[in-house]
There are 6 protein chains.
Amino acid sequence: MRLLLLNANATEAVTEKIAAEARRVALSGTEILPVTGRFGGRIVGTRAEIAIAEHAALDLAARHGGEADAVLIGVSFDVGLRALRELLSVPVVGMTEAACLTACMLGGRFGLVTYGRRNAATFREIVTGYGLADRLAGIRAPDLTPAEMLTDPEGTAAAIAEAARDLADTDGAEVVVLAGATMAGLPSLIQPLVPVPLVEGIASGVGLAEMLARLHPAGAFGGSYARVGGRQSTGLSAELSRMLSGA
Amino acid sequence: MRLLLLNANATEAVTEKIAAEARRVALSGTEILPVTGRFGGRIVGTRAEIAIAEHAALDLAARHGGEADAVLIGVSFDVGLRALRELLSVPVVGMTEAACLTACMLGGRFGLVTYGRRNAATFREIVTGYGLADRLAGIRAPDLTPAEMLTDPEGTAAAIAEAARDLADTDGAEVVVLAGATMAGLPSLIQPLVPVPLVEGIASGVGLAEMLARLHPAGAFGGSYARVGGRQSTGLSAELSRMLSGA
Amino acid sequence: MRLLLLNANATEAVTEKIAAEARRVALSGTEILPVTGRFGGRIVGTRAEIAIAEHAALDLAARHGGEADAVLIGVSFDVGLRALRELLSVPVVGMTEAACLTACMLGGRFGLVTYGRRNAATFREIVTGYGLADRLAGIRAPDLTPAEMLTDPEGTAAAIAEAARDLADTDGAEVVVLAGATMAGLPSLIQPLVPVPLVEGIASGVGLAEMLARLHPAGAFGGSYARVGGRQSTGLSAELSRMLSGA
Amino acid sequence: MRLLLLNANATEAVTEKIAAEARRVALSGTEILPVTGRFGGRIVGTRAEIAIAEHAALDLAARHGGEADAVLIGVSFDVGLRALRELLSVPVVGMTEAACLTACMLGGRFGLVTYGRRNAATFREIVTGYGLADRLAGIRAPDLTPAEMLTDPEGTAAAIAEAARDLADTDGAEVVVLAGATMAGLPSLIQPLVPVPLVEGIASGVGLAEMLARLHPAGAFGGSYARVGGRQSTGLSAELSRMLSGA
Amino acid sequence: MRLLLLNANATEAVTEKIAAEARRVALSGTEILPVTGRFGGRIVGTRAEIAIAEHAALDLAARHGGEADAVLIGVSFDVGLRALRELLSVPVVGMTEAACLTACMLGGRFGLVTYGRRNAATFREIVTGYGLADRLAGIRAPDLTPAEMLTDPEGTAAAIAEAARDLADTDGAEVVVLAGATMAGLPSLIQPLVPVPLVEGIASGVGLAEMLARLHPAGAFGGSYARVGGRQSTGLSAELSRMLSGA
Amino acid sequence: MRLLLLNANATEAVTEKIAAEARRVALSGTEILPVTGRFGGRIVGTRAEIAIAEHAALDLAARHGGEADAVLIGVSFDVGLRALRELLSVPVVGMTEAACLTACMLGGRFGLVTYGRRNAATFREIVTGYGLADRLAGIRAPDLTPAEMLTDPEGTAAAIAEAARDLADTDGAEVVVLAGATMAGLPSLIQPLVPVPLVEGIASGVGLAEMLARLHPAGAFGGSYARVGGRQSTGLSAELSRMLSGA
């Protein structure tokens, strides 16, 4: 199968990092097709950049979605998730959604660690938007930047591990989600420091996307995810405009 | 005060309709500044068009936000609401948010009427995202299109009224929100047919935006709505890029 | 418009304080009509006094409601709110309800600061009763009395500010509601000490009551807020008895 | 033990009816002390009358509470419940609270039948206020008046039974609460017509009040139910004023 | 009446302890029939032991249920509660369910103290399963074993009291449930150290079971608690097999 | 990998049916190890049989779990799920849990169809227990028996399809879970009759179990799922007793 790994961060280095992890964990027959956002924030990390990345994710899917059997959104804010499910006929998984659902199969309530204090509220909204607020034990957002994660993953790993351990000890988390594209590969490094299982979105997401692609669910012909054609638009890329119009 | 009426639908006729209603209800000292989306769906009505309109709303705000004392989002999906609150230093209100909060002051649980079956699920998510799921008595989405609303508002009004009355009689709604940019002005027309108060987003939103502008709340210096500067981006309009970079 | 400012605390000094703030923030065409509770607790601060004030608020409305275009309940427990909405044909707003709904338009989850430990649980019930539990980040109730607030507002302001800051830093509150009639005017004093916007019920409530009065919503003819006439009662003031009987 | 049966409806006939049922079900050593509201609605059935009855319930408790080992509130809106728990040192139970908690011990989700459409929303708020919204399968409010219930209980019983059966069949209720002072004694009459257990507030409430009186729980010295003394008030009955002041 | 006290812990000493407390608090006409689990964990304290005890509780009920007017489950995890309600025609109460419902009648939100950190999550699930999550202020699980509780109740009492006080002071609990079969009798010992009322499951449960037995509710003929007959099984005790088959 | 397919129904025919479906959908390298309950209900379909099957599932896992890389519980009530996660070091998935989580990745709110009216309440509890109540649009339980499903799957398929379509049309379900071991293989048969995607637990569960086995999550060393050793028990099978004691 061909898995489109859709990174709406406009930074190739992030794409390469998550693509490497995706290839490491994928089934032998899975081909990873990584693509990078063509416009928007270099590293999506604010509400404004998330809003723009919603569009950028669709633009990428319009350009490359036709080649894929499934899509994994490689931005931890799962930008474009619901829109892509409406737009494409193949399964779409968000990396944080994937990590949270995987966490649900490994324990009771889960905690979530991300970097940057401002993101704590955003992730709470995302988890709540998935209907999983009752499973959420707590969130920790140590004051790290994605840039630090990329340039010095080992150095920041200790802070992440400490936050995860604190979620288990203080908030009663029984699994911990590491949320962030740059968390790829981190669980195995710091698992020995944390008393409960760690999950992360790229490895979880590749597995779930592969599983869904094989399950081959039907598309919706009713409800809010049914494909619509004939939509008129203006000022979009030719590919996205064409996809909306259904031509 | 100057109120930016931000219509992310890329259709001038919608802008004119909501601007007329906004001017009708505004305080005498309020100047309405209507703007129309430069790219995206002609009428935002699918999940994909909502995702694109998140970006389009920010682009409009970057171009025109500096001139305004408050912003009202004139698309019923409240596109860009959270991002605009982060990005701008003036109050921002979404028209459906405004109608829902106003409904909260007029009764107990409220119902919501929109057009197009596929939008029912989307509005449920929006109301839930505002933390108001416990106030929501039910949703009705008679199979009408925004186009029908624009071209024949009287003809579709009966269907809207019937849906609103059914929410009151069957679901126990004590107020009914009419959700949709083309609902502007409709409440007074059909109120006699419905046993509970009707509210709509443009009139509610103008009032709340005026009220917030006078309240003049402080901006956030912490949390997920604090203004951030120095964000690097690519491929955006010069205005939006400049706003993200804080230059 | 004429705004009845209904203080069910049986203490004129509190009425004067909130009336001063109401007049400071009101639109130029708004006349503030302050009235003081005729029976009940001098300062409503216990569950028993709240129960009595439910009645006292109705008694005041029966005496003075006919003169007003809107009502603002100037007791932070919003006593009588639902009953007044049933009884009167003009909009009614509770001051804490107003502050909470305003907070919803300024950020994500909000915190609430009040004085007196025993009130923390009561305010949690009030916020939950408004269906806003999912928006509530936390409550702080430093051990101050309303009397201290009245006699030494500056002295107690630091404790309030500290509690608000703690809600932002520890509980992730993105807005903070200052709940209490004696909080009127406090936000601007302590805003520089708190990293997120502060809101308070008198200023919010005047604005919302003005906005609703202009929106002029229809009354309910069905549901639990529909006006009822012909109710028989005994032992009430002539005014309230007459209002219940609908004569 | 002595059980104060506190009827805040200002109608002796209702008091007599619920007192008869209370005596029928009470333990042999339980003395029922019925009292009737001194002011307020003849039959509490609107939001305004509920608000007034909050005060009336406290006034009754101040006059008679000292003689009792427990209190049962014999108005189905459980008026004054929280305030009485604060004010009195003996256990206090609301009749609808009692029926709902009893229902929780007999099945999964429960339904609730009351009379009068306008009361459906009020009872939903009451059940939600007890934190039991997740246990509530649905509410039915056939268009009957308490007066009809008093004068012709057999005639209205069929409508109540039909509503209860519908809750079981349509909403999946596994127990049904009959809410209303005039429902006393009804369950045994109509149980053969309903496929799930019926419970009612007077019989449930007497049993729970007896049980609590024997359990003899400690009073609270902290939190929002701790007894407070030294409260200043005005315009209240001598008994209530004295109780508030703690003299 | 005869009250079957069903201890699914396979340890007689626990049965004796709870039977002693049950007899101490029971009405004079109540006969306590204590029985001990025939298979499973000596002290039920893990998820696996809870799963096995579900079966053991049914086996005990099949052997002894016919002799009883009501059943109290004397294991704090309330093992078999829902199944026993389906299987038996007499009322069934779980001891922790009883304590939680009793707590609901004594204050607002309640806290829960148990022993052993691993049980905190399990009790949260149990309380949530009763639909009472909104009433739960917090859980404390000091690192004690049931064995310590049995051999040295006084010694461990201080730790329990400290946890209860902390729930009141820090989490705002207004009542505290002591969860655990070995907590029987503890409330009166440590109540002076805790500012809010303490409740425990054996005393609460005996009272509620007695109350329900006198209320004599009808059985269900529909829904998930209706008695079923004619079920085929294999490998069970003759008594349980017979009860399932309805012979 | 070796996947233990644990059928706690004591009926081989059910085991064979689900094993056939499991083998049909499994990856080529997956070996399905089906086992059948040694005691309990022939077809688990009542609350009592569920309680017994909790034990039976553990007994099977103690006998066969050591041979497996993952476990799939092939009873739609997911009996023993939490206990098995505590007891085993390999991933454990419940078939209904699997279907619900898969549904979460295919749309918004999902509906659930099962057979037998009494099971509707039980499945609602199960879904709520997974923290997914907010994702549940509704449940339908047409009056069919598992036996009918086994002997005449085609004949009952129409009723299932009709229920699923009704969930989409009336309740707004955007995906429908077919819950029941005998639903295996049904989705592809009836998908053309239903406008939204159908998912079922065996196919979903095999995919998720395979995915988790490859993800190879760490075990818990803290919290309620941490493995415990040294537990004393009586009256259990030698295998289960040994597993509890950790010998």
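Note that the structure is a prediction, hence the values are computed from the model and not measured. Within every chain, numbering begins at 1; the chains are lettered A, B, ... in the order of the sequence lines, protein sequences first and strands thereafter. The figures that follow rest on heavy atoms only: side chains count, while hydrogens, waters and symmetry mates do not.
Within 6.0 Å of CD in B/Gln232 there are 12 or fewer heavy atoms belonging to other residues, nucleotides or ligands.
Distance check, rounded to the nearest 0.5 Å: CG of B/Leu244 to CZ of A/Arg42 gives 12.5 Å. Within the model, atoms OG1 of B/Thr234 and CZ of A/Phe39 stand 10.5 Å from one another, a figure rounded to the nearest 0.5 Å. To the nearest 0.5 Å, the span separating CG on A/Leu240 from CD1 on B/Ile52 amounts to 4.0 Å.
With chain B as partner, the option from A/Glu49, A/Glu125, A/Arg85, A/Arg38 having the largest number of non-hydrogen pairs under 4.5 angstrom is A/Glu49. Ranked by heavy-atom pairs under 4.5 Å with chain A, the first of B/Ser241, B/Ala51, B/Gly129, B/Gly116 is B/Ala51. Contact tally against chain A (heavy-atom pairs below 4.5 Å) for B/Val228, B/Thr46, B/Ile50, B/Val79: the top residue is B/Thr46. Highest contact tally toward chain B, considering only A/Ala53, A/Gly41, A/Ala121, A/Ala57, is held by A/Gly41 [criterion: heavy-atom pairs under 4.5 Å]. Chain B forms the most heavy-atom pairs under 4.5 Å with one residue out of A/Ala141, A/Ser224, A/Gly223, A/Ser233, and that residue is A/Ser224.
Remark: side-chain polar atoms of B/Glu86 are paired, donor with acceptor, to backbone N or O of A/Ala48 under 3.5 angstrom. Although no hydrogens or angles enter the test, the distance criterion places no donor-acceptor pair under 3.5 Å between the side chain of B/Arg117 and the main chain of A/Gly222. Remark: side-chain polar atoms of A/Arg82 are not paired, donor with acceptor, to backbone N or O of B/Thr122 under 3.5 angstrom.
No part of B/Thr128 comes within reach of chain A, as not one of its non-hydrogen atoms sits under 4.5 angstrom from that chain.
Side-chain contact between A/Glu54 and B/His55 is absent, with no heavy atoms from C-beta onward closer than 4.5 Å.
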Quiz item: So A/Leu84 and B/Arg47, side chain to side chain contact (heavy atoms under 4.5 Å, CB included) or not? Walk me through it.
Solution: CA-CA 8 Å; A/Leu84 289 168; B/Arg47 291 180 179 277; over 6 Å; no
